[in-house]
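Encoded as structure tokens, the structure appears first; notes follow it.
We count ligands from 1, going down the list as the structure has it; atoms in each ligand are counted the same way.
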Amino acid sequence: MPTEKTSFETPRRNLAGLGRDALAAEMTAFGAEPFRARQLWHWIYHRGATDFAAMTSLSKPFRDKLAARYVLKRPAISRALASVDGTRKWLLRFCDGEEVETVHIPEEDRGTLCVSSQVGCTLTCSFCHTGTQRLVRNLASEEIVAQVMIARDALGEWPSPRDDRQVTNVVLMGMGEPLFNYENVAAALKVIMDPEGLSISRRKITLSTSGVVPMIRRCGEELAVNLAVSLHAVRDDIRDRLVPLNRKYPIAELLDACRTYPGASNARRITFEYVMLRGINDSPSDARELVRLLAGIPAKVNLIPFNSWPGAPYEGSPDAAIKAFSDIVFAAGYSAPVRTPRGRDIFAACGQLKSASVKLRRSERPPVSAA
Ligand code: SAH
Ligand code: SF4
């Protein structure tokens with residue numbers, strides 16, 4: 001049994017979201033042979049079954065026995081929104097009533113699923129809406145896996161396709177700081193990467209951190225996923241204000257951890273995210289300092305136009321400032337694309353997540369529709 005308490009707990013245990021070891025242990029406790037866990041794995045993660053009755057390779061009596069003891073449940077979708085640009089956002093509600101958001105961003109050559117790792121965030125980056133939210137808890141690994149399964153359900157992607165997928169990439173850039181929920185994120189990624197199931201390769205997975213330095217090496221060694229670092233400033237006094245975690249792990253320490261990130265190479269660069277804030281961090285000298293700081297790190301820079309939210313204490317940089325900044329970084333040999341904001345009309349863009357849902361009191365929330 002997984003040690004974490006999951007919010008899926010019902011009198012009948014939920015098997016959807018469990019890792020291989022947990023599923024095998026569950027089948028042993030159930031008195032079933034080990035190959036049963038492998039059969040279930042296939043049905044749950046390759047075929048996306050939500051009902052034991054669909055598992056036609058299992059005998060009817062065994063399916064009935066399973067159904068009497070277990071469920072295959074998804075979190076409830078309390079709201080599903082679609083942007084004019086094709087971005088989709090699902091507000092998911094777990095059994096304890098807590099909610100997170102998951103966003104799907106279709107592009108010409110790929111589709112990226114932006115997954116949350118916590119309800120809210122304990123950090124309080126001053127430009128991020130999620131950081132203003134009071135309520136915080138870690139997501140269980142099952143709840144992280146469930147976000148991928150919900151997207152596959154909604155996009156009609158079962159059995160897990162090999163080609164022509166709509167979910168080709170997963171980014172841990174939703175709500176929360178993934179390295180503050182490392183164990184559960186790691187367990188979830190193992191399920192998501194498993195080639196006989198959801199099968200999203202580690203090369204297509206990116207974990208974004210605000211700079212939890214002591215966890216960065218472990219993340220690289222154990223998960224070997226792509227790393228994105230929310231840098232956002234080139235001076236400690238400014239970064240202290242934008243990303244308060246900087247007071248604990250300042251820029252020099254953060255960049256040292258990046259310099260030795262296992263698996264980083266020119267073919268697999270670390271992404272440095274940099275939100276462009278008018279008059280705060282967007283001058284040409286900031287750009288030049290950024291180039292100096294990144295020397296020796298296989299890096300690319302992702303410039304993010306600021307996505308505003310009600311009461312936000314910043315303004316986004318003008319387009320000309322973003323362009324000038326990008327040109328300087330690019331001239332120094334780094335790719336420096338400006339991230340096109342997606343899904344702003346449904347409040348699904350970076351840093352806008354968990355907005356209306358947190359402001360509504362429980363009694364004001366819309367009724368939950370069946371998942
Ligand atoms: N907690 C992690 C991952 C989630 S945030 C982290 O901070 O890296 C994903 C990205 O969105 C981060 O780079 C974050 O700094 C950025 N972001 C947050 N608020 C934003 C906003 N209002 N506008 C643009 N980007 C924002
Ligand atoms: Fe948390 Fe990331 Fe938002 Fe900072 S930017 S408050 S770490 S979610």
R162-S199 side chain donor-acceptor pair, cut-off 3.5 Å: yes
Co-membership, hydrophobic cluster, residues M215 and L254, 4.5 Å side-chain: yes
Value rounded to 0.5 Å, distance of CG in D85 from CD1 in I346: 7.5 Å
Nearest neighbour in protein (non-hydrogen) for atom 4 (Fe) of ligand 2: C125 SG, 2.3 Å
Residue and atom name of the nearest protein heavy atom (relative to atom 20 (C) of ligand 1), distance in Å to one decimal: G351 CA, 3.3 Å
Ligand 1 contact by Y314, heavy-atom criterion under 4.0 angstrom: no
W90 and H104 aromatic ring geometry - parallel, tilted or perpendicular at 30°/60° bounds: tilted
Nearest protein heavy atom with distance in Å, relative to atom 1 (Fe) of ligand 2: C121 SG, 2.3 Å
Approximate separation, where rounding is to 0.5 Å, of D153 CG and R74 CZ: 4.0 Å
G174 near ligand 1 by a heavy-atom separation under 4.0 Å: yes
Closest protein heavy atom to atom 9 (C) of ligand 1, given as residue, atom name and distance to 0.1 Å: M173 O, 3.5 Å
Check against ring pair (Phe, Tyr, Trp, His ring centres under 6.0 Å), Y334 and F272: CA-CA 11 Å; Y334 296 98; F272 287 87; 8.8 Å; no
Residue and atom name of the nearest protein heavy atom (relative to atom 23 (N) of ligand 1), distance in Å to one decimal: N307 N, 3.0 Å
Enumerated ligand 2 atoms positioned under 4.0 Å from heavy atoms of G131: 6 (S)
Face-on cation placement of R69 at F30 ring, 6.0 Å and 45° thresholds: no
Shortest protein heavy-atom distance from atom 3 (Fe) of ligand 2, along with the residue and atom involved: C128 SG, 2.4 Å
Proximity of I304 to ligand 1 by residue part, where a heavy atom lies under 4.0 Å: side chain
Enumerated ligand 1 atoms positioned under 4.0 Å from heavy atoms of T209: 6 (C), 8 (O)
Nearest-contact summary for atom 21 (C) of ligand 1 - protein heavy atom, Å: C350 O, 3.3 Å
Atoms in ligand 2 flagged as close to L123, the criterion being non-hydrogen separation under 4.0 Å: 6 (S), 7 (S)
Straight-line distance of W309 CH2 to C128 SG, nearest 0.5 Å: 7.5 Å
Protein contact of atom 13 (O) of ligand 1 - nearest heavy atom, named by residue and atom, plus distance: S230 OG, 2.7 Å
Contacting atoms of ligand 1, where contact means under 4.0 angstrom from a heavy atom of F306: 21 (C), 22 (N), 23 (N)
Stepwise salt bridge (Lys or Arg N to Asp or Glu O under 4.0 Å) check, K323 with D327: CA-CA 6 Å; K323 169 88 173 54; D327 286 349; 2.8 Å; yes
Taking atom 10 (C) of ligand 1 as the reference point, the nearest protein heavy atom with its distance: E273 OE2, 3.7 Å
Distance in Å, F52 CZ paired with L40 CG, rounded so as to fall on 0.5 Å steps: 6.5 Å
Distance filter under 4.0 Å to C128 heavy atoms, resulting ligand 1 atoms: 18 (C), 19 (N)
Where ligand 1 meets W309 - atom numbers and elements under 4.0 angstrom, heavy-atom basis: 22 (N)
Nearest-0.5 Å distance that lies between atom CZ in F62 and atom CE in M55: 9.5 Å
Distance-only N or O hit between ligand 1 and G176, under 3.5 Å: yes
Is_contact(atom 6 (S) of ligand 2), protein non-hydrogen, under 4.0 Å: yes
Identity and distance of the protein heavy atom lying nearest atom 2 (Fe) of ligand 2: G176 O, 4.5 Å
Over 12 foreign heavy atoms within 6.0 Å of CZ, R268: yes
Proximity of P305 to ligand 1 by residue part, where a heavy atom lies under 4.0 Å: backbone
Proximity to ligand 1 by part of H129, non-hydrogen separation under 4.0 Å: neither
Ligand 1 N/O within reach of H232 N/O, cut-off under 3.5 Å: yes
Between S160 and R152: side-chain donor-acceptor atoms closer than 3.5 Å: yes
Test applied, side-chain contact (heavy atoms from CB on, under 4.5 Å); reference residue, V301; option that passes from V338, V291, L294: L294
Atom 2 (C) of ligand 1: nearest protein contact (heavy atom, Å): S208 O, 3.4 Å
No-hydrogen, no-angle side-chain donor-acceptor test under 3.5 Å, S117 and E177: no
Ligand 2-proximal atoms of S210, by part, heavy-atom distance under 4.0 Å: side chain
Contact partition for E177 relative to ligand 1, non-hydrogen atoms under 4.0 Å: both
CG on L189 to OG on S141, rounded to 0.5 Å: 10.0 Å
Top protein contact for atom 17 (N) of ligand 1, by heavy-atom distance: F127 CE1, 3.8 Å
